[in-house]
Amino acid sequence: MFKAEFKNSNVYISGIAEMNLAQTLDCGQAFRWEEQNGVWLGVAFGKYLEIEIKDSVIILYNTTEEDFNNIWCDYFDFERDYGKIITEISSNEILKKASEFGKGIRVLNQEPWETLCSFIISQNNNIKRIKGIIARLCENFGEDMGGFYTFPTAQKIASLTLEDLSVLRSGFRAKYILDAAKKVANGEILLETLKDLPIDEARAELMKIKGVGPKVADCALLFSHRHISAFPKDVWIKRAMEVLFGGELPKEAEKYAGIVQQYIFFYARETKLEI
């Protein structure tokens, strides 16, 4: 169990061994974090945060106890015991190796609309370009909070036109962003209900949006709706699964599939697995 100490407008977290900020914040699940001299700067839920790890202590700078309890504790998934998960899956030798490489990865619990929109943008794209499009989206249509911008609401985007969105330089994705915003804004897609639906139903709801296929839907469900069994699959991860497991996820990993997917991806990338 972790311990949180609140002092001088900072939060000091001890008792969490399974956290690496680079592995967590720069692994392709969130796109608004940047590292400067070991400190990670980012925006989530309309709040700016600076975070680093020093001597095994996680430090959240210039935040309140209220924001930690209401936002950051859940955002960083601090209450989930990743050590227990790693122990459970380590009966499989390959999963043991994979989790040793990626044991610092935590699955973030992000704001649902931002996550959906971000993964629509991520299609056939690279991290640098995704971050650039999202930055332009926030700077042009988000709220200026004095030094940072909020992520624009679905209602705000729904009020725009494709011509308005041309400033993003997002290509074919603009029409999908607009369709998603309209369906969320008019209540056709109720994002707040998806975490309580069976995963197949939740996935089907998201796939009502133009341009949202199973992979984008599963990314949204995993990274913002607590569907930890969601397993986003692109060509790369499918090949890694074939090489490592013959295409089928080991049974002991099924209920933690989304977390395991992150370990597998990181392991395959770091070991330059030939796929």
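Everything numeric here is computed off the predicted structure, so don't read it as measured data. Note that the numbering runs from 1 along the sequence shown for the chain.
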Using atom types as modelled and distance alone, determine if a side-chain donor or acceptor of [X] lies under 3.5 Å from a backbone N or O of [Y].
X	Y	answer
Ser170	Arg173	no
Thr150	Glu143	yes
Asp164	Leu160	no
His225	Asp218	no
Asn186	Glu188	yes
Asn92	Ile94	yes
Glu35	Ala22	no
Gln110	Gln29	yes
Thr63	Leu60	no

Applying a strict under-4.5 Å side-chain criterion to I, L, V, M, F, W and Y, I'd like to know whether [X] and [Y] cluster together.
X	Y	result
Phe31	Tyr75	no
Ile105	Ile86	yes
Ile59	Ile71	no

Counting heavy atoms not belonging to Glu248, are there more than 12 under 6.0 Å from its CD?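 No, because the 6.0 Å sphere around CD of Glu248 holds 12 heavy atoms or fewer from other groups.
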
Where do Thr24 and Arg106 land on the side-chain contact (heavy atoms from CB on, under 4.5 Å) test, with the steps shown first? CA-CA 6 Å; Thr24 298; Arg106 303 185 80 82; 4.1 Å; yes

Just checking Trp236 against Phe265, ring centres under 6.0 Å apart?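 Yes, the ring of Trp236 comes within the 6.0 Å limit of the ring of Phe265, centre to centre.
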
Would you say the ring centers of Phe101 and Tyr263 fall short of 6.0 Å from each other?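 For Phe101 and Tyr263, the ring centres are not under 6.0 Å apart.
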
Just by distance, with hydrogens left out, do Tyr82 and Asp77 show a side-chain donor and acceptor under 3.5 Å apart?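 Checked: Tyr82/Asp77 side chains pair up, N/O donor to acceptor below 3.5 Å.
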
Single hit among Lys175, Lys183, Lys182 for salt bridge (charged side-chain N to carboxylate O under 4.0 Å, His left out) with Asp179: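 Testing Asp179 for a salt bridge (charged side-chain N to carboxylate O under 4.0 Å, His left out) against Lys175, Lys183, Lys182 leaves exactly one candidate, Lys183.
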
Roughly how far apart are Ile237 CD1 and Glu242 CD, rounded to 0.5 Å?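 Reported to 0.5 Å precision, the distance equals 12.0 Å.
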
Let me check something: any side-chain donor-acceptor pairs from residues 120-133 under 3.5 Å, sequence neighbours excluded? List them with distances.
from   : atom 1 : to     : atom 2 : distance (Å)
Ser122 : OG     : Phe119 : O      : 2.7
Gln123 : NE2    : Ile120 : O      : 3.1
Gln123 : NE2    : Gly211 : O      : 3.2
Asn125 : OD1    : Arg129 : NH1    : 3.4
Asn125 : ND2    : Ile121 : O      : 3.0
Asn126 : OD1    : Lys128 : N      : 3.3
Asn126 : OD1    : Arg129 : N      : 2.8
Arg129 : NH2    : Arg169 : O      : 2.9
Lys131 : NZ     : Asp26  : OD1    : 3.4
Lys131 : NZ     : Trp33  : O      : 3.2

